Amino acid sequence: MSREEDVVPLMSNFGEGDIEEPPAQLNNLRATYGDDHIAEPYCNPGFNGIFASRYVVLCAAFAALGGLLFGYDQGVVSVILVEPQFLQRFGRIAGGVPHAGFWKGLLTAAIELGAFGGAINMGWVADKYSRKYAIVVAVGVFVLGSALQAGAVDYRMLLTARFIGGLGIGGLSMVAPLYIAEISPPEIRGALLVLEEFSIVTGIVIAFWITYGTQFVASEWAWRFPFLLQIVPGLVLGVGIVFLPFSPRWLASKGRDREALDSIAKLRMLPPTDERVQLEWYEIRAEVALQKEISAERHPSLQDRSRSSRIKLELAAWADCFKPGCWRRTHVGIGIMFFQQFVGINALIYYSPTLFETMGLDHSMQLIMSGVLNIMQLVGVSTSIWSMDYLGRRRLLLCGSAAMFVSHVVVAGLVGKYSNDWPAHRGEGGTAVAFLFIFMLSFGASWGPVPWALPSEIFPSSLRAKGVAISTCANWGFNFVIGLITPPLVESTGYGAYIFFAVFCLLSLLWTWIFVPETRCKTLEQMDRVFKDVRSGREEAKRERIEREIADGSRMNGAV
């Protein structure tokens with residue numbers, strides 16, 4: 001009898017109540033494939049596998065609309081802030097007005113501060129109410145903020161609206177990649193997680209060209225319409241996500257094992273009796289049970305399920321992210337977000353209009369060339385849909401750091417030598433622009449998408465939402481810092497700013513080489529072995545015991 005034929009009779013008596021295990025089949029799978037591999041691939045790695053996994057790709061693409069909202073909002077503001085129609089309504093930030101720079105900076109920073117709060121709060125919402133309902137909550141907050149921005153009548157109302165919108169964006173930037181990671185098969189998880197960054201950059205590009213067009217509208221609809229328009233994809237995401245399946249890993253964490261199996265089968269477009277579905281279900285439940293036992297051992301006095309104990313256990317879980325068994329993953333999650341901001345993407349975006357201006361381009365052409373830069377980043381991100389699972393995350397980061405380092409050094413040299421007289425050195429100016437494009441391509445293909453993907457993969461099941469929330473908060477925090485220091489850095493040091501960021505590109509290469517492991521084609525349940533942070537032989541023995549209990553049917557619905 002073939003292996004698949006052997007599954008059917010063992011699974012034929014599954015009912016809607018207690019789960020009856022197929023012990024012989026699971027033991028056979030372990031004996032055949034070991035602990036580190038699924039039975040056989042669901043599909044080919046990378047781009048080719050996308051066409052064989054249509055349903056999960058559809059779910060991931062839909063969830064990635066959260067990134068589109070994030071990118072669109074960021075892109076809208078970059079043009080609206082210089083529109084005369086906008087400045088006439090909000091004169092406080094117009095040029096020549098006392099402290100205009102501060103008020104403009106505060107308006108820009110409001111969304112980042114809101115996003116920080118939204119990301120950190122969405123961790124417990126995602127754990128308690130599910131990943132997909134957390135997306136609904138975040139979308140609701142975002143739509144409210146967008147409506148208030150579109151209807152703002154004074155600076156104070158606009159500032160409040162930006163903060164509220166930031167709460168929603170921060171929540172979406174945290175929970176959308178988390179949901180995508182937990183529903184994806186390992187062979188194409190990287191490609192699907194790239195959809196988050198792809199959506200962000202797509203949103204930036206769409207918003208840029210929409211606002212470029214609406215700037216010619218004479219009335220206040222020049223800026224109100226772009227703000228209003230972002231509500232549409234928000235509503236589509238908020239309503240549509242309700243009809244997508246729950247994360248099977250979240251279901252397993254709640255002891256809803258049968259529903260977890262059904263969710264896996266639906267996402268993989270395979271019957272529950274398929275041995276690959278069975279083994280994935282088996283590994284997910286083993287990981288959940290292990291993490292629950294570890295938590296019980298760490299916090300034995302907080303297991304009575306009282307309200308105060310639940311609150312203390314929630315707070316203790318956040319602290320666990322910085323303790324042995326997880327701190328290396330938290331370090332990677334925070335570190336990769338740090339370098340994403342400090343490799344200088346905002347410096348080039350900030351300085352590019354000035355560079356184009358000094359090369360003799362008029363205002364319209366400066367905006368067009370800035371839009372082309374965003375398109376180059378989108379092209380770079382598009383390549384990572386293939387390369388994330390074919391080449392791997394680590395290799396992309398290393399190559400991206402090297403390419404960005406070279407780009408910064410070349411641009412620094414050209415700006416330092418020729419910026420005083422660009423018209424007389426158009427060839428050198430063209431070279432500087434070319435390396436701006438190379439930087440944007442390199443960033444888009446590496447340090448753009450990978451930092452949004454990696455944190456969603458590396459944390460254990462019980463701490464994944466919190467670990468992703470911490471990493472995302474770090475991104476928004478560093479984004480805020482870099483937004484504050486970049487303009488004065490470029491203004492006061494000129495080419496020195498590029499040397500500054502080149503140093504961080506080099507540091508990012510060394511840091512990646514030392515600390516970042518490869519997660520390509522690994523299941524989320526294999527990250528203990530990837531990070532080699534199993535704390536002791538006793539914990540490994542505990543894992544093996546739990547796996548045996550699940551395999552022989554003595555552990556059901558997460559209980560011994």
Side-chain angles (χ1 to χ4, degrees), residues 2-8 11 22 25-26 28-64 131 177-196 244-252 257-288 384-393 453-454 456-458 461 464 518-527 529-530 550:
S2 69
R3 192 176 297 119
E4 186 163 343
E5 289 170 340
D6 188 41
V7 180
V8 178
M11 297 292 293
Q25 177 62 19
L26 290 177
N28 287 342
L29 292 176
R30 288 194 67 208
T32 302
Y33 299 105
D35 293 331
D36 290 332
H37 299 86
I38 60 174
E40 60 182 79
Y42 283 114
C43 55
N44 292 324
F47 193 75
N48 291 335
I50 290 177
F51 297 100
S53 307
R54 295 181 300 278
Y55 184 69
V56 73
V57 170
L58 177 64
C59 294
F62 205 86
R131 288 34 171 154
L178 175 64
Y179 178 77
I180 294 171
E182 292 194 342
I183 67 172
S184 302
E187 295 83 10
I188 59 170
R189 188 176 61 243
L192 297 186
L193 283 167
V194 168
L195 294 177
E196 175 73 7
L244 299 188
F246 287 101
S247 159
R249 289 169 170 87
W250 179 80
L251 289 169
D257 291 338
R258 174 64 203 219
E259 293 177 67
L261 175 62
D262 291 339
S263 179
I264 296 170
K266 185 176 183 180
L267 289 163
R268 306 294 177 257
M269 297 189 302
L270 293 167
T273 55
D274 186 274
E275 64 182 28
R276 293 165 293 181
V277 172
Q278 283 287 298
L279 188 54
E280 183 175 3
W281 182 53
Y282 158 76
E283 289 181 339
I284 288 171
R285 293 168 60 206
E287 171 70 11
V288 167
S384 62
I385 294 177
W386 166 80
S387 59
M388 279 275 280
D389 290 308
Y390 188 80
L391 299 177
R393 289 67 155 153
L454 204 61
S456 300
E457 301 180 306
I458 60 179
S461 61
R464 188 170 295 127
E518 183 55 68
T519 62
R520 180 177 71 94
C521 291
K522 298 292 186 181
T523 69
L524 300 183
E525 288 67 43
Q526 291 171 357
M527 293 303 162
R529 298 178 179 92
V530 169
I550 291 178

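Just so you know, these numbers use all the heavy atoms, side chains as well, and skip hydrogens, waters and symmetry mates. Quick caveat: nothing in here was measured; it's all calculated off a predicted structure.
- To the nearest 0.5 Å, atoms CH2 (Trp281) and CD1 (Ile284) are separated by 10.5 Å.
- The distance from atom CD1 of Ile264 to atom CG of Leu270, rounded to the nearest 0.5 Å, is 11.0 Å.
- Using a 4.0 Å cut-off between charged nitrogen and carboxylate oxygen, Glu287 and Arg249 do not count as a salt-bridge pair.
- Taking the side chain as every heavy atom from C-beta outward, Trp386 and Val194 never approach each other to under 4.5 Å.
- Nearest heavy atom pair, residue Cys59 against residue Tyr179, reads O-CE2, 4.5 Å.
- Nearest approach of Pro41 to Glu187, heavy atoms of both residues: CA-OE2, 3.2 Å.
- Of all heavy-atom pairs between Val277 and Pro271, the closest is CG2-O, 3.9 Å.
- Gln278 places a side-chain heavy atom less than 4.5 Å from the side chain of Leu261.
- Between Arg268 and Val56 the shortest side-chain heavy-atom distance falls below 4.5 Å.
- For Pro245 against Leu267, the heavy-atom pair with the smallest separation is CG-CD2, 3.6 Å.
- Of the possible donor and acceptor atoms, none in the side chain of Arg131 sits under 3.5 Å from a partner among the backbone N and O of Ile180.
- Here the CG atom belonging to Leu178 is positioned 10.0 Å from the CG atom belonging to Leu193, to the nearest 0.5 angstrom.
- Atom CD of Gln526 is separated from atom SG of Cys521 by 10.0 Å, given to the nearest 0.5 angstrom.
- Here CD of Glu280 is found 7.0 Å from CD of Glu525. Values are rounded to the nearest 0.5 Å.
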* **side chain to side chain contact (heavy atoms under 4.5 Å, CB included) between Phe246 and Ile183, worked out** => CA-CA 8 Å; Phe246 287 101; Ile183 67 172; over 6 Å; no
* Please lay out, stage by stage, how Leu524 and Glu182 fare under the test side chain to side chain contact (heavy atoms under 4.5 Å, CB included). => CA-CA 8 Å; Leu524 300 183; Glu182 292 194 342; 4.2 Å; yes
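- Closest non-hydrogen pair, Pro248 versus Ser263, comes out as CD-OG, 3.6 Å.
- Here CE of Met269 is found 12.0 Å from OH of Tyr42. Values are rounded to the nearest 0.5 Å.
- Classification of Asp257 and Arg285 as a salt-bridged pair holds, one side-chain N sitting under 4.0 Å from a carboxylate O.
- A salt bridge is absent between Asp262 and Lys266; no separation between the charged side-chain nitrogens and carboxylate oxygens falls under 4.0 Å.
- Considering all non-hydrogen atoms of both residues, Met527 and Ile458 come closest at CB-O, 3.7 Å.
- In the model, Thr519 has a side-chain atom that pairs as donor or acceptor with a side-chain atom of Arg393 under 3.5 Å.
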